[in-house]
Amino acid sequence: MKRFTYTLIYIWLSTLTYAQQQNWEGMIDNVGVTEAAESEVWESMFDVLSDLEEHPINLNTATREDLERLPFLTNQQIEDLQAYLYQYGNIQSMGELSMIPSLDQLRIELLSHFTYIATTDERHFPTWKELAQNGQHDLLLTAKVPFYKRQGDQNGYLGYPYRYSLRYTFNHDDYLKAGLIGAQDSGEPFLKGDNAYGFDHYSYYLVLRKLGRLKTLALGHYKIRAGLGLVVNNELGFGKSMILPSLLRSGSTIRAYSSRSSANYLQGAAATVDLGHNIDLTGFLSWRYIDGTLSKYQQAIVTLVKNGYHRTPTEMSKKNNASQTAAGIHLAWQHNGFHLGATMLYTHLSLPLQPNTAQRYRNFYPAGNHFWNASTDYGYTCRRFTFSGETAINDRHAIATIHVANVQLTSDIQLTALQRFYSYRYYTLLGQSFSDGGYTQNESGFYIGMTWHPRRNFTLTAYTDIVYFPWLRYQVSNASHAWDNSLAFSWKKKHFTFSGRYRFRTREKDDTQKTTLIDDATHRMRLSVAYTDGFWTSKTQGDFVLNHYKQSSRGWMVSQDIGCQPWKPLQLFLHGAWFHTDDYASRIYSYERGPRYDFYFPSFYGHGIRYGLLAQTNLGRSWMLLGRLSTTDYFDRDHISSGLQRINHSSMTDFELQIRWKFH
């Protein structure tokens with residue numbers, strides 16, 4: 001008995017010392033930088049990669065457009081992959097990718113989640129018979145049940161306290177994808193009131209690809225990006241680390257909109273057609289209802305609402321109370337590494353935008369019914385050098401421009417430089433590109449980053465970004481500056497992975513009297529050690545935050561993730577964390593594994609513990625059942641949150657259930 005006890009203690013201490021997450025979310029979290037302002041960027045990326053995980057790409061038959069769907073690959077890595085296939089023929093295994101110098105260990109592991117190896121065969125758009133015989137159906141049901149009552153659940157919210165969604169997808173290789181999503185946030189009415197037809201939000205789509213000269217056709221709800229996003233981009237956000245490589249790519253991309261969110265999508269049709277002579281034409285037309293806060297007499301939109309919540313009578317009154325029409329084209333030409341494109345966008349709102357300009361920082365927010373934007377994008381790509389740029393103008397004749405260059409100095413050192421200038425008078429209702437402030441407006445800056453691979457199993461990344469905001473911003477009553485710096489490393493040794501990162505970010509904000517600007521400076525540090533084998537996966541992580549604005553604030557968190565597969569159909573994952581921060585300014589963000597297609601990156605502040613258990617089992621090849629029970633206990637309060645979200649306890653527990661059925 002004593003020997004058995006010692007064995008258990010040894011196993012536990014081993015898992016506390018070493019850690020690794022085999023899932024791709026954990027890999028990206030190791031090198032990514034996530035804060036509140038960047039969570040939408042990561043959620044967009046999470047949705048794209050979750051879909052690619054379910055429908056991976058065959059590396060041996062992948063076109064350049066297929067590989068560009070992977071946002072973590074650089075242009076050079078795509079070029080090297082295609083050159084390797086051209087020179088040596090089919091790839092036989094994932095291990096063979098280590099023969100490509102530009103692919104580091106992290107990218108190879110990520111590729112294993114979103115691609116597969118199969119022999120090349122003659123491919124064609126499927127017939128109706130092939131669609132019926134070989135198409136894959138996927139039905140996913142997800143529910144979240146809280147074991148607590150919020151103030152709004154007792155008096156204030158229109159619906160039940162549960163959150164649930166339905167996701168159906170039909171897929172046939174890379175050629176056809178169709179789907180329907182129904183989603184409901186907790187507190188929103190279901191099958192009653194203004195949601196008499198069931199869910200609060202529905203999304204539906206049909207996407208065809210590789211149909212002769214028709215490269216892509218999307219019907220229903222979709223996302224689109226043209227150029228570098230200065231005019232139109234609701235397809236993918238651009239962060240300062242893993243997502244930046246996709247900013248170097250030209251042309252346009254169209255994707256299905258398969259998110260639970262009821263904002264940031266287009267509805268109608270979009271298509272990309274090969275006109276020949278290396279010219280592609282992309283066109284789109286959209287009409288959809290939008291949410292907005294209306295003026296007193298409901299004759300204008302004061303604020304566009306994009307959170308998607310319709311839980312209270314006030315929130316429900318903002319649902320679908322205006323409409324948006326958008327139409328645009330993107331013409332692109334590519335030849336011998338050069339690319340040139342032009343984009344035009346027209347947007348119309350059924351009610352005029354009239355922002356509250358009494359707050360001076362809103363003086364240059366978009367206003368009116370009709371908006372237009374136009375841009376030209378350009379660039380050049382060769383083996384060791386990539387350059388891309390876009391310059392845009394809007395109906396106020398204001399300018400926005402961005403340029404980014406990537407150079408492979410040596411086989412193990414890569415540099416990226418980025419310059420942007422967004423006039424405070426420039427705006428677009430549908431665009432987003434690389435920024436520190438979250439908008440392609442009122443910002444200019446210079447970013448330089450480096451990636452160093454002295455060995456295939458060691459990666460060091462660093463960047464610095466200097467930013468200037470010429471006009472006022474929220475909580476900033478004058479022109480201001482910001483400075484963002486990051487240093488991160490990852491080292492893998494057999495079953496072990498060691499990683500760490502440090503980020504220093506400072507922004508100027510108003511002092512208490514609003515008479516001058518002072519620095520809001522934050523230091524964030526993280527160290528993690530990891531281990532994995534065929535049975536155990538685990539991760540131990542430590543986070544530390546130091547913030548100084550009007551006063552100093554500190555915070556730390558120690559977290560542990562343990563996973564095991566006691567037998568093939570069953571996987572178990574245990575998460576535990578202990579956190580202690582002075583206040584919200586020193587909050588700490590922590591990734592947690594959750595149900596499929598469910599992005600969860602919460603922040604914690606105060607003093608408490610967080611723990612949870614996730615179990616997943618596969619019942620044959622068709623069924624999957626997942627359950628997750630998680631609890632947050634606070635030691636420094638007798639209630640959680642405020643207003644209608646207030647919970648009159650110091651702890652909160654949620655249970656999530658997901659059922660999946662795959663069939664032909």
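When a residue number appears, it is its place in the shown sequence, counting from 1.
Looking only at atom types and distance, the side chain of D543 has a donor-acceptor partner in the side chain of Q541 under 3.5 Å away. Donor-acceptor pairing under 3.5 Å is lacking for the side chains of R150 and S641. Counted by atom type alone, D561 and H575 present one or more donor-acceptor pairs between their side chains at under 3.5 Å.
The environment of Y439 atom OH is sparse: at most 12 non-hydrogen atoms of other residues, nucleotides or ligands sit within 6.0 angstrom. Heavy atoms of other residues, nucleotides or ligands lying less than 6.0 angstrom from NZ of K568 number 12 at most. Under a cut-off of 6.0 angstrom, the local environment of NE2 in H523 is crowded, with over 12 non-hydrogen atoms contributed by other residues, nucleotides or ligands.
Put simply, the side chain of Q658 reaches to within 4.5 Å of the side chain of M624, judged on heavy atoms.
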Problem - Intermediate values then yes/no, side chain to side chain contact (heavy atoms under 4.5 Å, CB included), L266 and L430 - result: CA-CA 9 Å; L266 297 176; L430 299 182; 4.1 Å; yes
Exercise for the section: Starting from the C-alpha separation in whole Å, work towards a yes-or-no answer on side chain to side chain contact (heavy atoms under 4.5 Å, CB included) for Y157 and Q645. Expected result: CA-CA 10 Å; Y157 289 152; Q645 288 288 97; 2.6 Å; yes
Exercise for the section: Kindly indicate, with the supporting measurements, whether the criterion side chain to side chain contact (heavy atoms under 4.5 Å, CB included) is fulfilled by I659 and L140. Expected result: CA-CA 6 Å; I659 302 172; L140 192 70; over 6 Å; no
Practice task
Starting from the C-alpha separation in whole Å, work towards a yes-or-no answer on side chain to side chain contact (heavy atoms under 4.5 Å, CB included) for H137 and L139.
Solution key: CA-CA 7 Å; H137 302 264; L139 182 63; over 6 Å; no
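Between atom CG of residue L572 and atom CD of residue Q616 there is a gap of 10.0 Å, rounded to the nearest 0.5 Å. Between the CD1 atom of I647 and the CG atom of D153 there is a distance of 8.5 Å, given to the nearest 0.5 Å.
Side chain of R610 to backbone of S559: no donor-acceptor contact under 3.5 angstrom is found. Between the side chain of S651 and the main chain of T632, no donor-acceptor pair closer than 3.5 Å is present. At distances below 3.5 Å, at least one donor-acceptor pair connects side-chain atoms of N307 with backbone N or O atoms of Y309.
Ring geometry for F199 versus F190: interplanar angle over 60°, hence perpendicular rather than tilted (30 to 60°).
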List, one per line, each side-chain donor-acceptor pair under 3.5 Å for residues 159-167, sequence neighbours excluded.
| from | atom 1 | to | atom 2 | distance (Å) |
| --- | --- | --- | --- | --- |
| R167 | NH1 | S258 | O | 2.8 |
| R167 | NH2 | S258 | O | 3.1 |

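Checked against E315 for a side-chain hydrogen bond (donor to acceptor under 3.5 Å, both in side chains), the options K319, R311, K318 give a single hit: R311. Across F604, Y605, F579, W578, a single residue satisfies ring-ring contact (aromatic ring centres under 6.0 Å, His included) together with W556, and that is W578. Of the residues D173, D66, D174, the one that meets the side-chain hydrogen bond (donor to acceptor under 3.5 Å, both in side chains) test with R209 is D66.
Under a cutoff of 6.0 Å and an axis angle of 45°, R260 and Y597 do not form a cation-pi pair.
Annotation: Y222 is not in aromatic contact with Y257 [ring centroid separation under 6.0 Å not met].
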